[in-house]
Amino acid sequence: MQKLFILFFLLLSTGMQSQSLLIPDRVFDGENLFANWIVIVNDNYIDYAGPLNGNPIKTTKDTIYLKGTTLMPGIIEGHSHLLLHPYNETSWNDQVLKESSAERAIRGAVYAKKSLLAGITTMRDLGAEGAGYTDVYLKKTIDEGIIPGPRLLVAGPAIVATGAYGPKGFHEGVKVPLGAETVSGIDEAIRTVRRQIGNGSDFIKVYADYRWKTGEPAQPTFLQNELEVMVATAETAGRYVVAHASTPEGMRRAVLAGVETIEHGDSGTLKEFNLMKENNVAFCPTLAAGEAVEQYNGWIKGKGPVPKRIIQKKATFKEALQSGVEILFGGDVGVFSHGENYREMELMVEYGMTPLAVLQSATSINARVFHLNGLGRIRKGFLADIIAVQGDPTKDISAIKSVKFVMKDGEVYLADK
Ligand SMILES: [Zn+2]
């Protein structure tokens, strides 16, 4: 209902120079919280962020009052799938097998807008899951201003070992579209990484482990030299590799091969997290996906007994925190509803982080780990990706749900009436 009182307006790029003065109650600059700060935006960059007293305002014609809010950098979602939607609506198998790339692109366009209005101004999208390079074209249409959406970093198809991905359960005579691209051997690994980069992948996603048969626990997939050669090929092209890994051995191989981030890490132990820390590999825990899947399986949070998988994930997350590994904000949104990215932040707090640390993770830390210079901070010279939320999310992380203002690249997409 609240949305009735909010005015959405999409501004067309006019090419005219514009300046706005933003006056919130407080500013989280990507690192710390400051009271009585103001922010001045010139065109698409931040020209001033600091105390009201002695600020250099001269020609401001557009003042935006954001009373009661905390202004902060646009949120950087670290693990999304814009081309998937919640599995309790349609199973992953049926999305891959029955929804065409056209349908998935149209859905993706709707989810991109939803995400932006929820304060997500950048997304690292972790695989088109059977929709080829649809993510590359979703990104292109956003960049060209055809549809509103976050800045995207896209993987294209993830790379999996031959035989190690779904949909599964068909006999060998049935031709099934896979949710990723298969690779075996050094030559094919090199060729596939090169082809993907040529086709528009911003980075390479590999599966370092996966279940080989439905219902089985995950096992490592790629050999060490296959992983190493994919990293070397990507790095030669100025790209990087991220790894899905949930087993200790899968995580270990991926870290030693030189990937930059590990996704999920469900069965990781202090040993693997220490190794990640030593090798400067960041950890994206995707807590919200795990909770969503358990709830789709019948768990009623707060009522039924806590599922084993959740108990284990909480213990794992504590060990990750103990190791000091860099923690990324990324919930695997798409497994659950787009626009509800905040679920991951609430769980990061529930599982043991402070709200301030979670906010740093979702802004300045994700920006640094994803090589996004000029994003993730409210600071002079940075790009004007700015949001404001009602209340103070450094005290109560749930304030992050009440997004009142969204600016991306200097353009306002959501503002209070
Ligand atoms: Zn994912």
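Whatever order the structure lists ligands and atoms in, that order sets their numbers, starting from 1. From a predicted model like this one, the values you see are computed outputs, not experimental measurements.
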Carboxylate-amine/guanidinium proximity below 4.0 Å for E346 and R343 = no
Within the 2.8 Å cut-off the protein N, O or S neighbours of the Zn ion (ligand 1) are H79 NE2, H81 NE2, D332 OD1
Electrostatic pair D29:R379 at N-O distance under 4.0 angstrom | no
Any side-chain donor near an acceptor of the partner, T269 and E272, under 3.5 Å = yes
From the list V231, V183, I204, side-chain contact (heavy atoms from CB on, under 4.5 Å) with V193 holds only for I204
Donor-acceptor pair, side chain of R253 and main chain of F222, under 3.5 angstrom | yes
Sort and list the pairs that fulfil ring-ring contact (aromatic ring centres under 6.0 Å, His included) and have at least one residue in residues 363-382, not counting sequence neighbours.
-> Y240-H371
